[in-house]
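In what follows, chains are A, B, ... by sequence order, proteins preceding strands, each numbered from 1.
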Protein chains: 2
Amino acid sequence: MKTDSPDPEGLMLPVPGVDYGPLDGLLGYALRRAQNALYLDFYRATAEWDVSPQRFAALVLIARNPGLRQGLLAQAMGLHRSGALRLTDWLTAQGWAERRDAPDDARAWGLHLTPTGKRRLAKLEAAVAEHDRALLAALGEQGIALKAGLDRLAWVATAQSTAPDNKHRRPKP
Amino acid sequence: MKTDSPDPEGLMLPVPGVDYGPLDGLLGYALRRAQNALYLDFYRATAEWDVSPQRFAALVLIARNPGLRQGLLAQAMGLHRSGALRLTDWLTAQGWAERRDAPDDARAWGLHLTPTGKRRLAKLEAAVAEHDRALLAALGEQGIALKAGLDRLAWVATAQSTAPDNKHRRPKP
DNA sequence: TATTGTTATACTCTATAACTATA
DNA sequence: TATAGTTATAGAGTATAACAATA
């Protein structure tokens with residue numbers, strides 16, 4: 001018998017012969033498909049750094065806000081404190097970032113990139129920017145409109161779910 | 001001392017005073033922010049059914065393609081076989097769906113909604129459709145363009161990452 | 001009394017690998 | 001020999017809860 005070979009997982013391609021019903025018309029499903037594709041493409045474009053999109057975002061935030069607190073990082077990324085801790089642990093273990101004492105609060109850390117991290121991030125940022133440019137180029141003028149539409153959608157959906165007459169229900173508390 | 005109360009996690013709101021650097025300009029980051037917001041809003045709008053967006057998609061696929069194989073479900077959703085198994089386990093355990101013998105292949109299952117599942121899905125689909133309509137309404141004519149842009153982006157990003165001159169590297173194999 | 005970060009723990013999601021029973 | 005599904009396991013990711021040190 002043949003031992004299972006790894007399948008090319010993750011590609012959320014439309015399967016011929018399968019009826020997607022209302023999914024094809026939903027904004028939310030289109031968003032998921034797009035994010036799935038973009039996620040895989042991000043990995044391809046940044047393979048040599050082995051950094052997930054989320055970790056990339058954390059690196060940029062630390063780089064642009066030297067001394068950033070873990071708590072603020074969590075808030076900016078929509079994470080729990082403990083999530084920011086794990087994230088920071090990984091970044092420090094990989095040599096990207098380091099914790100230094102915060103000058104004004106003995107409880108807190110200030111997060112900083114290491115010199116190595118700065119050097120690596122410069123190249124990684126360039127690769128990500130190039131990746132994004134390639135996508136925008138392929139989309140043409142639709143790309144600009146898309147970006148604007150996404151920014152607005154984030155705003156609208158947030159307004160909708162935090163409207164005062166709506167019950168808040170977080171996923172699986 | 002006060003025992004920790006659960007924080008309102010998951011909202012990826014821009015934090016005042018934090019510099020997001022290049023993130024604000026990236027298509028990929030805009031996509032992530034939008035999906036984050038939409039995800040939370042989906043949960044709010046469908047709270048009484050306790051079904052995630054992904055499980056909702058599975059239900060629709062089974063409903064529109066009675067007798068669907070687990071393997072095809074996996075393919076359509078970009079999952080591994082074992083992922084479709086877990087998903088199906090959950091759907092059957094909750095009374096949404098059931099496995100029946102496939103008429104033409106003794107190895108395979110045919111997936112079907114239960115009568116209860118059909119009844120529940122009708123209402124859930126209506127709630128999701130209404131949720132989507134509300135978003136589109138709030139976006140105005142930008143919404144139509146956004147939907148089209150997302151469809152195209154999924155296509156473009158897929159083409160980019162599956163181009164013959166690009167190395168395939170799946171995330172963390 | 002509240003906040004920052006930590007530890008310990010648990011649950012979800014999703015993958016890999018090896019297995020079975022069919023084909 | 002290949003395919004459909006299963007089992008067992010492992011690794012992310014992210015949450016909760018209780019805690020220490022500091023504010």
Hydrophobic cluster membership, Trp155(B) vs Leu153(B), 4.5 Å side-chain cutoff: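 Per the 4.5 Å side-chain linkage, Trp155(B) and Leu153(B) are not co-clustered.
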Same cluster (ILVMFWY, side-chain, under 4.5 Å), Leu31(B) and Met12(B):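 No, because Leu31(B) and Met12(B) fall into different hydrophobic clusters, even though each may have its own neighbours under 4.5 Å.
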Can you figure out which of [options] approaches the side chain of [X] most closely?
| X | options | value |
| --- | --- | --- |
| Leu79(B) | dA15(C), dT14(D), dT6(C) | dA15(C) |
| Leu85(B) | dT6(D), dG5(C), dG5(D) | dT6(D) |
| Arg69(B) | dA21(D), dG5(D), dA23(C) | dG5(D) |

Rounded interatomic separation in angstrom, taking [atom1] from [X] and [atom2] from [N]:
| X | N | atom1 | atom2 | result |
| --- | --- | --- | --- | --- |
| Leu72(B) | dA4(D) | CG | P | 8 Å |
| Gln70(A) | dT7(C) | CD | P | 10 Å |
| Arg99(B) | dA4(D) | CZ | C1' | 12 Å |
| His80(A) | dT9(C) | NE2 | P | 17 Å |
| Arg81(B) | dT9(D) | CZ | C1' | 15 Å |
| Arg100(A) | dG5(C) | CZ | P | 16 Å |
| Asp104(A) | dT4(C) | CG | C1' | 12 Å |
| Leu11(B) | dA15(D) | CG | C1' | 14 Å |

Nearest-nucleotide comparison on DNA chain C, the residue closer to the 5′ end among Ser82(A) and Asp105(A):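 Between the two, 5'-proximity favours Asp105(A).
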Sugar-phosphate, base or nothing in reach of Gly71(A), heavy atoms under 4.0 Å: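 Sugar-phosphate contact only - Gly71(A) comes under 4.0 Å of backbone atoms but never of a base.
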Heavy-atom check, side chain of Trp109(B) versus side chain of Thr88(B), under 4.5 Å: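 Side chain of Trp109(B) against side chain of Thr88(B), heavy atoms only: no contact under 4.5 Å found.
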Establish, with yes or no, whether the OP1 or OP2 oxygen of [N] is under 4.0 angstrom from a side-chain nitrogen or oxygen of [X].
| X | N | answer |
| --- | --- | --- |
| Arg55(B) | dC13(C) | yes |
| Trp90(A) | dA12(D) | no |
| Arg86(B) | dC11(C) | no |
| Gln54(B) | dT14(C) | yes |

Ring-face cation contact, Trp96(B) with Arg120(B), 6.0 Å cut, 45° max: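 So Arg120(B) does make the cation-pi contact.
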Cation-aromatic face contact Arg32(B)/Phe56(A), 6.0 Å, 45 degrees: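 Relative to the ring axis of Phe56(A), which defines the angle, Arg32(B) lies outside at least one limit.
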Closest-nucleotide ordering on DNA chain D, the 5'-leading residue of Ala106(A) and Ser52(A):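 Its nearest nucleotide lies further toward 5', so the answer is Ser52(A).
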Polar side-chain contact Arg107(B)-dG5(D) base: donor and acceptor under 3.5 Å: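 Check fails, no donor-acceptor contact within cut-off.
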